[in-house]
Asks: 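The structure under discussion is supplied below as C-alpha cells; questions concerning it will follow.
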Amino acid sequence: MIDTASTERRNESRDPAKPETLDPENWAAMRELAHTMIDDAFEWLQTLSQRPVWQPMPESVKQHFESAAPKGPSEPAAVYEDFKANILPYPMGNPHPRFWAWYMGNGTVMGALADFLAAVMNPNLGGGNHVANYVEAQVVAWLRDMLSFPEAASGLLTSGGSMANFIALAVARNARGGTDIRHGGVRAARGPLVAYASREVHSCHEKAVETLGLGSDGLQLVETQADYTIDIDALAGRIAADRAAGKVPFCVIANAGTINTGAVDDMAALADLCAAENLWFHVDGAIGAVAVVAGSVREQLRGMERADSVALDLHKWMHIPFEAGAVIVRDKAAHKDTFCVTPEYLQHDEEGHGLAAGRHWFSEYGLQLTRQFRALKVWMSIKEHGLERFGRMIDRNVAQARYLGELIEKEHELELTAPIGLDIVCFRYNPGGLDTEALNALNQQLLIDLQESGVAAPSYTTLGETYCLRAAIANHRSRFDDFDLLVQKVLEIGRALAAKP
Ligand SMILES: *Cc1c(COP(=O)(O)O)cnc(C)c1O
C-alpha cells in the first residue's frame, strides 16, 4: 500500500499550510500577470501592420535556446519577460496582413482565447461522457452539412490536412482493397494497391501511401492539363492499364485547390469515373473545401459533395489558430472499421451512465487516443462570425488574387506564370533579355530581399523550369492596397537587381 500520508507530509515540509502543487504560489499575482499577457497580446495584434512581416533572428537570440532545462523554479513574471524579449519579436509572420507564403491562415482572436479556455478545462477528447465530445460532434456536423454530406457520415477533427488525408486514405485502402487488408495487411491484396492523383497533389499523400504500406509506387501521379487540373482521359487510361497489369486501383484523390496554383480538379467528372470504376473518391480540400461557404467558389467545387471522403484544413482559409483540420467520411462503418480497437481498459457502455458512457468515441475514428479540445476554438469562432462572414473573407481573397493579377499584367516587367487558381498568384519579375537561368536567379534573390525588407512575404514555387514568386492570399487582414505595395516593392527590388552588373 502507498503511504500517502507520509508522501503528503514530505511535500508539505516547505509550508505545512500549503502543500506543493503546480498551481500558482500567489494566485493574485498570477491573475494580474494573466491580465498583462492579455493586454500585451491585444496590443501586439492591433499593431501588427506597423511591424515587419518577418525579421531574421539575431545569433544571440538563437543561442538563448541552447541552455539546459532549469532545475529550480523562476518567478512567473520573469518567465513571461523572457517570452516578451526572446520569442514574441520573432514570429513566423502569418498573422500579418502582408503574409502570403506557403498556405496559411492568420488566426482569430476568439480562437486564441478559446485555446486558452480549452487548456483550462483540459479535457481529453478520446471519448467519455463529457461536454467536449458534444462540442466536437457539433462541429463535425456543421462541416458535414457545409459539404452537403448525409447525416449518417462520420468525421473527426485532426491536427491538419496531412492527418485528415492520411485517415481518409487508410479507410479507402481498407474499404476498397478488395480483400481483408485490416487483418491480412497489404500482402493479402490480389496485387499492388494503387491510388491516383495529379502531379500537382500535395506531398502529404506520398507520406501517407508510404506509411500505409503501399510504397511510393502506390501513388501514381497523372499528367495535368494547361490549367494544372488532372487530365481525366490520361487517368482513365492509367487505371485500365494498371488493372490489365494485375494491379489493384482503389482510390482517386482530387484536388480542391492545388498547393502550387490553386487549381481545382473537375470533381463532378472524377465522381463519375470513380462510380463507374468502383474506386474510392477522396477530395484533398485542405485549401478549397471550406470555400463552399463562398459564393464565388461554390460552382467550381461542384462534385465534391459526391466524394467518399473529404479532408479539410480549418487553420488555412478559415483562420482557426493552428492546429485544426478535419476529415469527413461518407461511410461511417468503413471509417470505424479502420480504427476501432477496444481493449478492456477502454470498454465503454454505449447506452449506460457514468464517465465512460457515450456512444461515440472519437478515438475510434483515428490514430490518436488522447486528443485535445481543438473543437472549442472552431466552435467559438464559427459562433462568433457565422459561416457567411467566413464566406465573405474567402470571396475577398479571390477578388484580391484577381486584382493582383491585373496589377501584374499592367506592368511590362512583371508576368503571370500560371493561371490564377482560387487565391494563389504565381508571377515573376522579367525585365526582358534574360534567359531562364538568369531569370530564376534574379527572382530567387528578389524573394529573399523582399522578405528581408519586412514589407511582404510571398513564397515561391517552380513550375516546369520557371522559378516564380507565389502569393497565397488566405488572409482576412489583407487590404487591396497591400497588393499595390507588394507590386511597388517587387518592381523596386527587381530593378535594383537587374541594374547590378
Ligand atoms: C496544406 C496542405 C496539406 C497538408 O495539410 P497540413 O495542415 O499542413 O498538414 C495537404 N494538401 C493540401 C492541398 C494543402 O494545401
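Predicted, not measured: the structure shown is a model, and the values here were computed from it. Whatever order the structure lists ligands and atoms in, that order sets their numbers, starting from 1. Just so you know, residue 1 is the first one in the sequence shown, and it goes up from there.
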Asks: If the condition is ring-ring contact (aromatic ring centres under 6.0 Å, His included), which residues does Y196 pass it with, not counting sequence neighbours?
Replies: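 By the ring-ring contact (aromatic ring centres under 6.0 Å, His included) rule, Y196 matches no residue at all.
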Asks: Using a strict threshold of under 4.0 Å (side-chain N to carboxylate O), is an ion pair present between R176 and E277?
Replies: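 No.
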Asks: Check each protein residue for a heavy atom under 4.0 Å from ligand 1 and list those that pass, ordered by chain and number.
Replies: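 Correct list: G160, G161, S162, N165, H202, C204, G257, I259, D284, A286, I287, D313, H315, K316.
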Asks: With a 4.0 Å cut-off, would you call R182 and D337 a salt bridge?
Replies: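 Result for this pair is no, no salt bridge flagged.
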Asks: With no hydrogens and no angle check, just 3.5 Å: does a side-chain donor-acceptor pair link T258 and N260?
Replies: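 No pair is found: no donor N or O on one side chain lies under 3.5 Å from an acceptor on the other.
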Asks: Do NZ/NE/NH1/NH2 and the carboxylate oxygens of R302 and E299 come within less than 4.0 Å?
Replies: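 A salt bridge is present here (some side-chain N lies under 4.0 Å from a carboxylate O).
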Asks: Can you check whether F373 and W379 have ring centres sitting under 6.0 Å from each other?
Replies: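 That pair fails the under 6.0 Å test.
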